[in-house]
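What follows is a set of notes on a single structure, which appears directly below.
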Protein chains: 2
Amino acid sequence: MLTGSESAELVVLSLLSEGASYGYQLTKDAAARSEGHLRLTPGVLYPLLRQLENEGLITSSWDAVRAEDADDAGEGRKRKWYRLSPKGKRRLGQRVEAYESLRRVIDAFVGVRPREEGTR
Amino acid sequence: MLTGSESAELVVLSLLSEGASYGYQLTKDAAARSEGHLRLTPGVLYPLLRQLENEGLITSSWDAVRAEDADDAGEGRKRKWYRLSPKGKRRLGQRVEAYESLRRVIDAFVGVRPREEGTR
DNA sequence: GCCAATATATCGGTCGGCGATATATCCGTC
DNA sequence: GACGGATATATCGCCGACCGATATATTGGC
């Protein structure tokens with residue numbers, strides 16, 4: 001399981017890098033991709049989306065429900081579409097690097113398998 | 001940089017799986033192995049050691065300073081040696097598995113590189 | 001007409017990470 | 001013999017963030 005909002009940011013930016021999406025879809029995508037291990041609950045997701053928008057990493061607009069009409073702000077039902085900004089794209093790159101760096105650090109420890117009993 | 005105490009537990013158990021050690025040494029080892037990225041500060045380390053001992057994952061004893069005499073509780077200067085218990089060894093295994101699982105989950109996202117502009 | 005699924009959003013209590021701080025010993029050196 | 005930096009262990013409690021709980025409206029299937 002994984003709910004920390006640090007990884008949540010990485011995941012949301014990553015999903016949006018593949019194209020525009022919206023809140024509910026993001027929770028579903030996250031769960032599907034991680035085979036249920038990643039639960040992007042409303043309490044985590046929406047505050048995060050707001051924060052990302054405030055930082056200028058994503059943009060939002062209320063547009064048509066159908067994906068192919070996502071830019072059409074005409075009549076009918078709407079939902080809130082989010083898109084990755086250029087700044088967000090850069091941030092995603094940084095986050096990926098940070099993750100890979102962390103990965104190497106932890107691997108430096110878990111890569112080493114136990115030796116023997118007793119004292120060093 | 002990485003200070004979360006979740007990873008701290010993994011790291012401490014991992015270091016102790018290589019042999020007995022003590023607080024100050026653990027901070028130094030952690031920094032060295034991670035090339036300075038992992039700062040196991042006193043405020044993180046000692047509460048963690050206490051907790052790990054309470055859970056029966058490690059044991060401690062005040063013994064001689066010299067590593068080769070670490071079991072000798074005779075005269076002279078002492079320091080507090082920590083050792084991984086069998087239970088701790090099992091926990092380490094679980095934590096490594098959990099880490100590798102998390103790793104796979106995140107990789108499922110960062111492995112996917114950006115496609116093109118616009119809508120899904 | 002009803003229920004489950006879809007869709008977005010806020011709030012605040014709870015929990016814990018970790019900076020700041022305290023204390024004591026050891027050793028080199030001036 | 002005293003000063004300072006490194007060694008070594010330990011506690012405390014502030015601050016802030018995480019996210020469970022909750023609210024609300026719409027849609028679609030039966």
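Note on naming: letters A, B, ... go to the chains in the order of the sequence lines (proteins, then strands), and numbering restarts at 1 for each one. A quick note: this is a predicted structure, and the numbers were derived from the prediction, not measured.
Remark: R50(B) pairs with N54(B) by the side chain to side chain contact (heavy atoms under 4.5 Å, CB included) rule, at least two apart or across chains. Residues passing the side chain to side chain contact (heavy atoms under 4.5 Å, CB included) test with K80(A), sequence neighbours excluded: S60(A), W62(A), Y82(A). Evaluation of the salt bridge (charged side-chain N to carboxylate O under 4.0 Å, His left out) rule for R103(B) yields D107(A) as partners, not counting sequence neighbours. Shown here are the side chain to side chain contact (heavy atoms under 4.5 Å, CB included) partners of E55(A), two or more places apart in sequence or in another chain: Q51(A), L57(A), R91(A).
Between the W81(A) side chain and the T59(A) main chain, no donor and acceptor come within less than 3.5 Å of each other.
Put simply, the residue from V11(B), L16(B), L48(B) that forms a side chain to side chain contact (heavy atoms under 4.5 Å, CB included) with L26(B) is L16(B).
Residues L92(A) and V110(B) fail the side-chain proximity criterion, which asks for heavy atoms closer than 4.5 Å.
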Between protein and nucleotides 9-16 of chain D, what N or O pairs are separated by less than 3.5 Å?
residue : atom : partner : partner atom : Å
dT9(D)  : OP1  : K80(B)  : N            : 3.3
dT9(D)  : OP2  : G23(B)  : N            : 3.2
dT9(D)  : OP2  : Y24(B)  : N            : 2.8
dT9(D)  : OP2  : Y46(B)  : OH           : 3.4
dA10(D) : OP1  : K80(B)  : NZ           : 3.0
dA10(D) : OP2  : Y82(B)  : OH           : 3.4
dT11(D) : OP1  : R50(B)  : NH2          : 2.3
dT11(D) : OP2  : R50(B)  : NE           : 3.3
dT11(D) : OP2  : R50(B)  : NH2          : 2.9

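In this entry the distance linking CG of L45(A) with C1' of dG20(D) reads 15 Å, nearest Å. Taking atom CG of residue L40(A) and atom C1' of nucleotide dG20(D), one finds them 15 Å apart after rounding to whole Å. For the pair L48(A) CG and dC19(D) C1', the computed distance is 12 Å after rounding to whole Å. Atom C1' of nucleotide dG16(C) and atom CD of E6(B) are separated by 13 Å, given to the nearest angstrom.
Each end of the helix from dG1(C)-dC30(D) to dC30(C)-dG1(D) gets its own axis from five base pairs, and the two axes differ in direction by 10°, given to 10 degrees.
Using a 4.0 Å cut-off between a side-chain N of Lys or Arg and a carboxylate O of Asp or Glu, R33(B) and E18(B) qualify as a salt bridge.
Minimum atom distance to the side chain of R77(A) is reached by dT26(D), of the listed dC18(C), dT26(D), dT7(D).
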